[in-house]
Amino acid sequence: RIKMRHFYIKKGKQYLHIKQNVYEDYQDYSDISAMVTQQYVFLDDKDNAIKFLEKREVDYFMVRQGRKLKGVEVVSE
């Protein structure tokens, strides 16, 4: 049986996660009742980290979002 190896983005020993914040009290003059923001954070937890199946997926992510991430490396584990 072949074990799938995933690609992760790491900074030191920590893995990249996406943290979502929902602001339910968001008020403006539209029909929007909540606002969601996303943050990239590095945590020790590998299980819930962002996983990529293929190297090209990581490359695409790094081109689009990676310029905000400093001092990171892509690893396969």
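Scope of the values below: all heavy atoms of this structure, side chains included, with no hydrogens, waters or symmetry mates.
Applying the ring-ring contact (aromatic ring centres under 6.0 Å, His included) test to Y8 and every residue at least two apart in sequence or in another chain returns Y15. A search for ring-ring contact (aromatic ring centres under 6.0 Å, His included) contacts involving Y40 returns F61, not counting sequence neighbours. D44 is linked by a side-chain hydrogen bond (donor to acceptor under 3.5 Å, both in side chains) to Q14, counting only residues two or more places apart in sequence or in another chain. For K68, the side-chain contact (heavy atoms from CB on, under 4.5 Å) partners two or more places apart in sequence, or in a different chain, are Q65. In this structure K11 satisfies the salt bridge (charged side-chain N to carboxylate O under 4.0 Å, His left out) test with no other residue, sequence neighbours excluded. Take K10 and apply the side-chain hydrogen bond (donor to acceptor under 3.5 Å, both in side chains) test, not counting sequence neighbours, and it matches E77. Scanning for side-chain hydrogen bond (donor to acceptor under 3.5 Å, both in side chains) contacts around Q20 gives an empty result, with sequence neighbours left out. The side-chain contact (heavy atoms from CB on, under 4.5 Å) search around N48 returns H17, D45, not counting sequence neighbours. For the side-chain hydrogen bond (donor to acceptor under 3.5 Å, both in side chains) test, residues two or more places apart in sequence or in another chain that qualify with R56 are E54. For R5, there are no salt bridge (charged side-chain N to carboxylate O under 4.0 Å, His left out) partners two or more places apart in sequence or in a different chain.
D59 pairs with exactly one of E57, M62, K55 by the side-chain contact (heavy atoms from CB on, under 4.5 Å) rule, that one being K55. Here the rule is side-chain contact (heavy atoms from CB on, under 4.5 Å) with L16, and of V72, I9, V74 only I9 fits it.
Put simply, I18 and L69 are part of the same group of oily side chains (I, L, V, M, F, W, Y) that touch within less than 4.5 Å, one to the next.
Using a 4.5 Å cut-off between side-chain heavy atoms of Ile, Leu, Val, Met, Phe, Trp and Tyr, V22 falls into a hydrophobic cluster with V36. Grouped with L43 in one hydrophobic cluster are V41, the linkage being side-chain heavy-atom contacts under 4.5 Å among Ile, Leu, Val, Met, Phe, Trp and Tyr residues.
Nearest heavy atom pair, residue R67 against residue V63, reads NH1-O, 2.8 Å.
Here the side chains of T37 and Q39 are not in contact, with every heavy-atom distance at 4.5 Å or above. Within the 4.5 Å cutoff, no side-chain heavy atoms of K51 are placed close to those of L53.
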